[in-house]
Amino acid sequence: MEYRIGIDVGGTNTDAVLVDENMNLVESIKVPTTKDVSTGIYEALHRVLEKSKVERKNIKYAMLGTTHATNAIVERKRLCKTAIIRIGRPATEAIVPLVAWPKDLVEAVGNHYYLIAGGHEFDGREISPLNEEELRKIAREIKGKVESVAVVSVFSPVNNQHELRAREILQEVLGDIPISLSHEIGSIGLLERENATVLNAALVDVARTTANGFKEALAREGVTDAKVFLCQNDGTLMSIEYAMRYPILTIACGPTNSIRGAAFLSNLENALVLDVGGTTSDIGIIAQGFPRESSIAVEIGGVRTNFRMPDLISIGLGGGTIIREEKGEVKIGPDSVGYRITEEALVFGGKTVTATDIAVRLGLAEVGDKEKVKDLPLEFAQKAYRKMQELVEEAIDKIKTSKEPQPLVLVGGGSIIVSNNISGVSQVVRPQNFGVANALGAAIAQVSGEVDRIYSLSEMSRDEALNNAKQLAINEAIKAGANPESVNIVHVEDIPLAYLPGNAVRIRVKAAGDLL
Amino acid sequence: MTKIDVQMVEDIAVGAALLGTGGGGDPYVGKLMAIQALQKNGPVELIGVDDVPDDALVVPAAMMGAPTVLVEKIPSGKEIFKAFDSLQNYLGKEIFAVIPIEAGGLNSMIPITVAAEKKLPLVDVDGMGRAFPELQMVTFHLYGLSATPMVLADEKGNSLLLNTINNFWTESLARNATVVMGGSVMIAIYPMYGRDLKQAGIRNIITYSAKIGRAIREARKNGEDPIEALLKATGGFTLFKGKISDVQRRTTGGFVQGEAHIDGIDQYKGENMIIDFQNENLIARRNGKVVATVPDLICIVDAHTAAPITTEGLRYGQRVVVIGIPCDSKWRSEKGIATVGPRYFGYDVDYVPVEELIKG
């Protein structure tokens with residue numbers, strides 16, 4: 001029998017699971033997340049292996065979903081000094097790189113940016129030829145001064161030639177330096193894509209140390225035959241080499257792991273997923289087995305970006321959310337007793353009324369000592385419960401894309417506070433092992449490929465454009481390590497561009513398949 | 001006289017996005033450009049229409065093309081000066097002041113950048129009082145003013161001077177040139193004298209936009225209802241409150257057409273509204289009955305924050321309030337209705353002012 005390990009780092013706990021080749025859960029463990037993150041990962045790994053007694057050489061895959069990248073950006077630590085080369089001059093000169101960045105983050109990545117001639121139009125024509133001579137000059141200038149390079153060319157999602165050529169030239173002069181190309185990171189919207197590409201370039205070292213640390217930890221435990229992967233935020237995996245090139249794609253992999261885990265546990269391909277934690281809850285959507293993606297700009301560390309992120313709505317309601325009465329009105333949170341719930345909630349002998357206490361008072365959940373909440377006025381508990389329910393229902397309604405009732409999968413430790421009767425929901429599913437859905441999501445993940453570009457429908461039909469995009473996405477998935485026979489198209493989206501004749505359309509396609 | 005500073009730019013951007021009635025693009029890039037120009041050159045002087053001498057030349061500055069292109073191919077920043085300089089040379093007369101052509105996310109910001117960089121005053125006026133998609137859809141057109149000579153300039157350094165026989169030809173030639181020039185250009189258009197502006201312009205639109213933006217901002221800050229503040233600032237009417245239940249979009253000739261379906265909540269529970277849009281919101285029907293049509297303003301805002309939502313930003317599940325605002329009386333003339341009324345956009349509906357329609 002062969003096995004897989006999945007580890008997922010959350011805000012409170014780091015979870016690890018071991019599954020067999022038929023994707024049956026063999027063992028699971030929860031340890032507190034540590035401040036440096038890595039120590040918690042190693043501890044979870046050690047304990048799940050020890051508990052399971054599985055032969056180490058039979059572990060063939062190890063998957064890690066971690067918060068290292070997010071933390072590095074938020075803390076402005078361990079980031080690479082990065083040169084930014086923007087191709088498009090004279091276009092784009094009106095707003096130079098890093099202009100809207102927080103000052104401390106600009107300092108952390110250095111303030112090295114260059115604008116050179118080149119770039120493309122929306123229909124793929126050249127704005128002007130790439131100024132190769134100037135690029136060589138810049139390369140010589142930054143040699144030894146930066147650790148990473150971000151290259152951003154105008155309309156590179158439509159035509160990536162200048163970014164690819166720039167990489168060749170930079171490598172000729174600079175040798176083996178990490179180079180992030182924007183067309184591989186973000187979509188249309190130069191500033192947001194540039195920001196994402198710069199963050200990606202700055203995270204290269206973080207990815208390297210995280211991956212190497214994980215590999216060494218596996219080796220220390222005697223796991224030497226496993227292929228190692230990092231989780232990315234679309235619910236699929238990246239090889240270590242890939243992760244070092246696209247570290248930014250690890251951001252927000254935790255919620256997507258939960259969504260994928262929920263899909264797996266519930267056997268549902270299309271559903272809503274509510275992951276209830278101690279302080280907040282995340283609601284997302286599984287569409288054809290994968291988390292739905294957001295199409296709007298997302299801020300990370302104070303910077304607007306447009307790389308792929310899961311579509312999530314967070315609500316300030318968790319198991320530890322504090323319930324109080326103010327001016328005759330019941331108020332739900334938004335503060336929470338968090339991990340202190342086992343000391344502070346009424347049912348555990350504490351003095352604070354929490355969402356969990358309300359659920360227990362109404363007989364909807366059995367935790368702690370229900371005698372300790374019997375003095376809570378029934379009317380107050382009912383009012384509070386109705387309000388909690390409304391919060392959940394409004395969020396569910398916002399994230400849904402149609403009126404049709406959909407099934408809801410409940411995961412996460414706090415999910416006992418949510419009732420089985422929610423409007424807009426056809427059926428509430430509470431799978432077994434809901435507490436480790438996230439780590440399971442990591443363990444069972446697939447690999448994927450993606451395309452996001454603009455097609456001009458005056459040159460080809462919509463079907464031709466869609467087929468072209470689909471084929472490109474399938475090729476990408478195979479390149480990422482998918483078994484060609486298992487690759488499926490999991491997402492297709494086409495958006496017309498406004499105010500322009502010629503029917504330009506932006507097409508996004510994702511393909512995914514099982515690990516080869 | 002007012003000085004436009006960074007705070008006022010933020011307020012104008014919000015107010016103009018509202019008056020854009022769903023069109024006009026995301027103000028983000030335009031706002032960054034305007035703020036940079038102000039930081040470099042100091043505040044812009046905002047003057048009233050009556051401060052413009054009758055024989056002084058004023059020129060609207062605007063972006064033409066797809067906002068989606070502009071957010072990717074950000075301007076060099078010099079296009080609009082090229083357009084201005086080349087129009088000035090052609091006319092052989094100094095440009096006295098800059099004006100916006102429309103109130104919309106992007107085109108409310110471009111003239112501020114020009115005014116700051118060129119050290120010209122900005123006049124508190126425009127040609128729409130809202131946003132429209134075509135070049136002849138301005139009140140200047142209603143008064144027989146010509147869009148040309150106009151200059152289109154791209155970031156590569158190309159500029160194109162147009163002289164046309166009427167404003168419909170201008171729209172068609174300029175629209176096609178825009179595509180060839182890369183989908184987003186800057187234009188200097190409808191050059192006119194102070195006396196024409198006084199007659200044909202829609203007055204106080206910039207201070208009006210700023211007032212709307214400020215009202216929303218202050219209401220949020222003070223914990224008051226921003227929707228109430230918005231209604232008070234605009235003299236608009238609540239047409240509906242509900243939840244987006246469906247959005248359908250299709251493209252024809254480069255313009256996105258579609259419908260937004262809204263299910264009523266609160267006092268509108270059990271009712272529905274359908275809004276037809278073509279880049280901008282054009283017709284609002286409540287329970288099948290028309291309650292507002294273009295050229296009156298149909299604005300969709302977030303029910304909690306009063307943030308204006310563009311037609312591209314409409315999504316299932318959003319809680320929205322639909323607001324109807326009477327358009328400028330110039331649009332209610334016979335020629336105005338022929339130029340921008342519901343029939344021009346292909347709807348078999350007669351224009352009736354929103355304030356009469358809501359009386360039922």
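Below, read A as the first sequence line, B as the second, and so on, with proteins coming before strands; counting in each chain starts at 1.
- For chain B, no part of S182(A) is nearby; none of its heavy atoms comes within less than 4.5 Å.
- Counting heavy atoms of neighbouring residues, nucleotides and ligands inside a 6.0 Å radius, atom CD of E329(A) does not exceed 12 of them.
- Contact of A117(A) with chain B is not made at all, since no heavy-atom distance falls under 4.5 Å.
- Of the atoms belonging to D263(B), it is side-chain heavy atoms, and not backbone ones, that fall under 4.5 Å from chain A.
- Checked against side-chain contact (heavy atoms from CB on, under 4.5 Å), L391(A) has the following partners two or more places apart in sequence or in another chain: L317(A), I332(A).
- In terms of heavy-atom pairs under 4.5 angstrom with chain A, the leader among Q318(B), M33(B), K73(B) is K73(B).
- Side-chain contact between E121(A) and K156(B): present, with at least one pair of heavy atoms (C-beta onward) separated by less than 4.5 Å.
- Annotation: the span from T68(B) atom OG1 to I188(A) atom CD1 amounts to 9.0 Å, rounded to 0.5 Å.
- In this structure, chain A has no heavy atom under 4.5 Å from any part of V247(B).
- Only the backbone of M181(B) comes within less than 4.5 Å of a heavy atom in chain A; its side chain stays farther off.
- Taking K78(B) as the reference, E93(A), S76(B) meet the side-chain contact (heavy atoms from CB on, under 4.5 Å) condition, with sequence neighbours excluded.
- By number of non-hydrogen pairs under 4.5 angstrom with chain B, the leading residue of I399(A), L115(A), D397(A) is D397(A).
- In this structure, E72(B) contributes its side chain and F155(A) its backbone to a donor-acceptor pair below 3.5 Å.
- Contact record, F122(A) with V69(B): CB-CG2, 4.0 Å, taken as the closest heavy-atom pair.
- Taking R89(A), R304(A), E194(A), R125(A) one by one and counting their heavy-atom pairs under 4.5 Å with chain B, the maximum is reached by R304(A).
- The two residues L191(A) and Y28(B) have their closest heavy-atom pair at CD1-CE2, 4.2 Å.
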